[in-house]
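Here the structure is laid out as structure tokens; the discussion comes afterwards.
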Number of protein chains: 4
Amino acid sequence: MSGIPPHLHRTVDQLKEEVAALHAELPRNNLVVWTAGNVSARVPGSDLLVIKPSGVSYDDITPASMVVCDLDGTLVEGERKPSSDTAAHAYVYRHMPEVGGVVHTHSDYATAWAACREPIPCALTMIADEFGGEIPVGPFALIGDDSIGRGIVETLRESRSRAVLMANHGPFTIGTDARDAVKAAVMVEDIARTMHLARQLGTPVPIDRADIDSLFARYQHVYGQ
Amino acid sequence: MSGIPPHLHRTVDQLKEEVAALHAELPRNNLVVWTAGNVSARVPGSDLLVIKPSGVSYDDITPASMVVCDLDGTLVEGERKPSSDTAAHAYVYRHMPEVGGVVHTHSDYATAWAACREPIPCALTMIADEFGGEIPVGPFALIGDDSIGRGIVETLRESRSRAVLMANHGPFTIGTDARDAVKAAVMVEDIARTMHLARQLGTPVPIDRADIDSLFARYQHVYGQ
Amino acid sequence: MSGIPPHLHRTVDQLKEEVAALHAELPRNNLVVWTAGNVSARVPGSDLLVIKPSGVSYDDITPASMVVCDLDGTLVEGERKPSSDTAAHAYVYRHMPEVGGVVHTHSDYATAWAACREPIPCALTMIADEFGGEIPVGPFALIGDDSIGRGIVETLRESRSRAVLMANHGPFTIGTDARDAVKAAVMVEDIARTMHLARQLGTPVPIDRADIDSLFARYQHVYGQ
Amino acid sequence: MSGIPPHLHRTVDQLKEEVAALHAELPRNNLVVWTAGNVSARVPGSDLLVIKPSGVSYDDITPASMVVCDLDGTLVEGERKPSSDTAAHAYVYRHMPEVGGVVHTHSDYATAWAACREPIPCALTMIADEFGGEIPVGPFALIGDDSIGRGIVETLRESRSRAVLMANHGPFTIGTDARDAVKAAVMVEDIARTMHLARQLGTPVPIDRADIDSLFARYQHVYGQ
């Protein structure tokens with residue numbers, strides 16, 4: 001771990017295990033095919049992140065194969081090239097200090113809304129609970145510079161949602177840690193699917209703003225252990 | 001088991017095992033993602049119910065993690081907070097003495113009908129067999145008081161259906177015991193899916209009322225061992 | 001095996017094993033939920049059939065749980081009540097001597113076409129290969145007498161298809177043996193799904209009758225080992 | 001290995017293992033049912049290919065069951081009849097020397113586009129990355145002569161896509177090796193599904209040609225290890 005301060009070695013090892021294990025949730029929840037999709041975690045108290053290497057099969061992901069980058073996306077430790085989406089993850093960590101985990105997938109229903117550049121309307125209590133309103137659409141952005149990261153941050157800053165549908169591309173989700181961001185990725189696909197089915201069926205009835213606010217406030221404070 | 005009368009200890013232990021095992025049917029039948037969805041059972045001969053704790057992953061559910069509440073939804077035994085839907089389950093047991101099990105999911109097709117506040121019409125012999133007619137829609141109700149429970153009970157009392165689609169929320173099902181309520185949850189999603197596909201395709205042909213009655217009567221008395 | 005002639009005991013035992021194993025293909029191919037769906041086999045050289053008992057879970061199906069009936073659907077051997085669809089299977093065996101296996105499911109896409117009482121048009125080479133033309137719709141028939149069996153036989157006699165979509169009910173398939181009928185059940189759902197998707201997308205282009213004939217003839221004579 | 005030059009025995013053995021293992025990716029990614037679908041690999045430095053035998057179940061596929069044919073599709077080694085699609089694979093290898101692997105499936109979403117004879121438009125960055133533009137439709141062709149192979153080659157030669165949707169039939173994909181062709185088969189179904197969902201939802205926004213070119217160029221040169 002040449003480029004990593006010694007006092008962080010143990011934390012980095014734990015995060016590699018956690019991030020490797022969380023990658024298994026992506027195929028398990030039908031969010032990815034082949035090697036698409038990636039999970040990262042911020043290394044707390046540092047300018048580092050742990051992320052999946054590029055183009056590696058989900059069967060071959062191990063804690064040891066995870067790579068560590070700084071918040072400019074430069075490789076700090078690891079034998080493989082980091083995910084080609086590392087720059088976008090790094091941009092989010094640089095500009096949203098409250099974020100501890102980022103996930104990107106091309107999950108089919110969420111990506112279908114992204115292809116139409118339509119936000120997912122809030123007509124389900126689950127959307128109000130988890131995302132506090134509609135799931136917003138981010139700009140069309142090419143890979144290769146800060147465009148994707150900037151598009152994610154600018155869109156999420158104006159929303160209570162932890163998910164953004166990047167135009168013609170797919171969802172990015174954030175969370176307090178990597179597990180919370182994976183949960184958001186699972187939930188946004190489930191919501192995208194249910195609302196797609198509802199739109200096919202007829203006219204989904206939107207939930208009133210006051211009810212959304214009440215559901216969101218309760219869920220943030222009451223749910224879970 | 002401090003709050004539970006000694007003569008019920010064995011029954012409660014058996015129900016914890018049964019309810020824990022039945023939770024595995026929810027992901028297996030694609031009715032839930034992450035921690036959404038819950039199964040409960042009435043403890044016969046008492047004012048108690050067994051239910052899933054809140055926000056616990058399906059992989060981590062064990063008989064020991066199940067909690068026991070009274071029929072006001074107050075925790076009687078268990079180390080964790082009960083499911084946030086416990087008040088709705090408890091209301092059903094208080095007002096429908098014939099019910100021995102309750103299930104709640106956000107299964108995608110049933111929830112899509114709920115988002116449109118449209119009942120599922122009876123155009124399949126399987127719907128007539130299992131539910132005796134269309135699957136009704138319940139009112140929009142916020143969590144936090146008796147609204148959801150009351151909405152379930154008022155809707156099911158006017159129907160032969162064991163399933164109700166709560167508006168913008170998702171299905172609740174009831175049964176003579178927890179297994180029967182889980183079966184109803186599996187069947188209502190299958191029916192919701194098939195009828196959604198039929199609606200996309202063209203015009204599903206409704207079944208005559210007399211034929212529905214005949215199918216329902218036969219199925220209640222003849223089917224199974 | 002009290003009601004079965006001794007010289008058939010070994011054949012019946014083999015068929016029980018085969019039919020029990022083939023039932024596992026139904027959930028594996030997403031053709032059934034809970035206990036819906038059943039497979040039967042004719043006992044060659046006799047007026048007997050082997051079928052699934054009623055209302056038994058797919059996890060609990062074993063060769064020993066299979067039941068034997070005569071071709072009037074009367075139980076000849078076994079500890080459980082035969083499937084409630086036994087009369088329909090028996091009618092097919094009585095009237096179609098070339099049939100060695102029958103399968104019934106409520107697979108969702110095929111049943112959606114059945115709910116709309118629309119035949120599945122032949123716009124895929126796979127449909128021409130396997131079924132020689134469109135998949136026909138059978139009449140609406142109530143369970144309890146010969147209506148379902150008669151509807152199946154009358155529809156299939158006028159078609160090259162091994163599958164019929166019984167109105168508002170679901171698909172029945174036939175085959176030279178039970179495995180062939182299960183294959184037809186798997187294929188008809190796959191075809192029903194692809195043609196449903198094609199209809200949602202636009203206008204599926206039908207295949208010319210001469211090409212259908214040529215594909216069907218080749219597949220019957222050339223395919224397989 | 002009577003018909004195979006001794007210096008190729010080891011290569012052929014390795015390809016049989018690889019091609020047998022890759023067949024498992026087809027059901028795992030929901031691209032096939034029953035025995036439909038096949039993968040082949042060119043034997044480098046020879047006029048031979050390795051392919052699946054006809055009508056064999058995916059559970060029964062082993063390296064030893066793979067067969068070897070020459071590039072006219074004639075069996076050179078193996079105990080079983082080669083896949084009925086061997087002539088089409090062989091034609092591709094004869095006319096596209098850069099191709100090392102070919103895959104054919106009837107995956108449902110890609111086949112739905114093929115049934116409507118509609119190309120899949122490029123409204124997703126993943127399509128631009130992987131296929132460099134829309135997925136083209138090939139001609140309607142009957143099995144039995146060179147028509148299918150010729151249709152594949154003529155269509156792919158005018159496109160950057162590694163996938164072609166053969167009219168009323170299904171997708172064929174090519175790759176530098178068999179694994180690359182399997183990846184293309186997985187990706188084309190995922191893309192076909194997402195674009196189908198987007199079309200159902202509203203109006204997918206196409207990506208500009210210049211952006212497609214930029215994405216395609218980067219992906220060819222930068223992605224992976």
Side-chain angles (χ1 to χ4, degrees), chain A residues 27 30-37 53-60 65 67 78-85 104-121 137 140-145 147-148 165-170 189 192-193 195-201, chain D residues 21-22 24-26 28-31 107 109 120-130 173 175 179-208 210-225:
Chain A
N30 298 312
L31 305 185
V32 293
V33 296
W34 214 251
T35 65
S54 178
V56 170
S57 155
Y58 283 92
D59 290 345
D60 298 335
S65 65
V67 298
E79 290 169 20
R80 300 177 188 226
K81 208 160 55 167
S83 163
S84 57
D85 296 305
H104 173 46
T105 79
H106 299 255
S107 64
D108 290 356
Y109 281 91
T111 304
W113 290 88
C116 296
R117 302 190 185 177
E118 276 203 57
I120 306 175
V137 174
F140 179 77
L142 288 184
I143 200 165
D145 59 15
S147 310
I148 295 177
L165 310 170
M166 292 300 283
N168 300 99
H169 186 165
E189 179 64 4
R193 185 174 187 239
M195 286 304 301
H196 187 283
L197 297 174
R199 279 269 293 259
Q200 292 304 103
L201 197 60
Chain D
L22 284 168
E25 294 290 333
L26 305 188
R28 185 188 183 189
N29 287 281
N30 298 312
L31 305 185
S107 64
Y109 280 92
I120 306 175
C122 186
L124 296 171
T125 55
M126 188 191 268
I127 306 180
D129 286 347
E130 286 285 343
T173 59
R179 184 172 183 80
D180 188 43
V182 170
K183 182 188 176 186
V186 171
M187 298 314 261
V188 81
E189 178 65 4
D190 191 54
I191 281 164
R193 183 172 187 240
T194 303
M195 286 305 300
H196 186 282
L197 297 174
R199 278 270 292 260
Q200 291 305 102
L201 196 59
T203 309
V205 180
I207 303 181
D208 287 345
D211 289 336
I212 293 174
D213 289 348
S214 153
L215 286 162
F216 185 66
R218 190 201 69 89
Y219 194 76
Q220 303 313 304
H221 298 118
V222 179
Y223 188 75
Q225 295 295 330

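Reminder, nothing fancy here: chain letters follow the sequence lines and each chain counts from 1.
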Between A:Asp59 and chain D, which part of the residue has a heavy atom less than 4.5 Å away: side chain, backbone, both or neither?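 Side chain only.
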What part of D:Leu215 gets within 4.5 angstrom of chain A, counting heavy atoms only: side chain, backbone, both, or neither?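 Side chain only.
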Against chain A, label D:Glu25 side chain, backbone, both or neither, depending on which of its atoms sit under 4.5 Å from a heavy atom there.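 Just its side chain gets close to chain A.
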Heavy-atom pair count under 4.5 Å with chain D, highest-scoring of A:His196, A:Glu118, A:Met195, A:His106: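 Ranked by contacts with chain D, first place is A:His196.
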Could you measure the distance from the OH atom of A:Tyr109 to the CD atom of A:Glu189? Nearest 0.5 Å is fine.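 So the OH of A:Tyr109 and the CD of A:Glu189 are separated by 8.0 Å.
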Answer with yes or no whether the side chains of D:Thr194 and A:Asp108 bring together a donor and an acceptor at under 3.5 Å.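 Yes.
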Partner chain A: residue of D:Ile207, D:Asp129, D:Asn29 with the largest heavy-atom pair count (under 4.5 Å):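 Result: the option with the highest number of such pairs is D:Ile207.
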Specify which of D:Ile191, D:Asp190, D:Val186, D:Ile127 makes the most heavy-atom pairs with chain A at under 4.5 Å.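 If we count pairs closer than 4.5 Å to chain A, D:Asp190 comes out on top.
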Compare all side-chain heavy atoms of A:Ser84 with those of D:Arg218 and state whether any distance is below 4.5 angstrom.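 They are in contact (side-chain heavy atoms under 4.5 Å apart), so the answer is yes.
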Can you tell me if A:Asn168 uses its side chain to pair, donor with acceptor, with the backbone of D:Thr125 under 3.5 Å?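 Pair absent, no side-chain N/O of A:Asn168 close to backbone of D:Thr125.
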Please check this pair: side chain of A:Asp145 against backbone of A:Ser147, looking for a donor-acceptor N/O pair closer than 3.5 Å.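 Side chain of A:Asp145 to backbone of A:Ser147, a donor-acceptor pair under 3.5 Å: yes, one is there.
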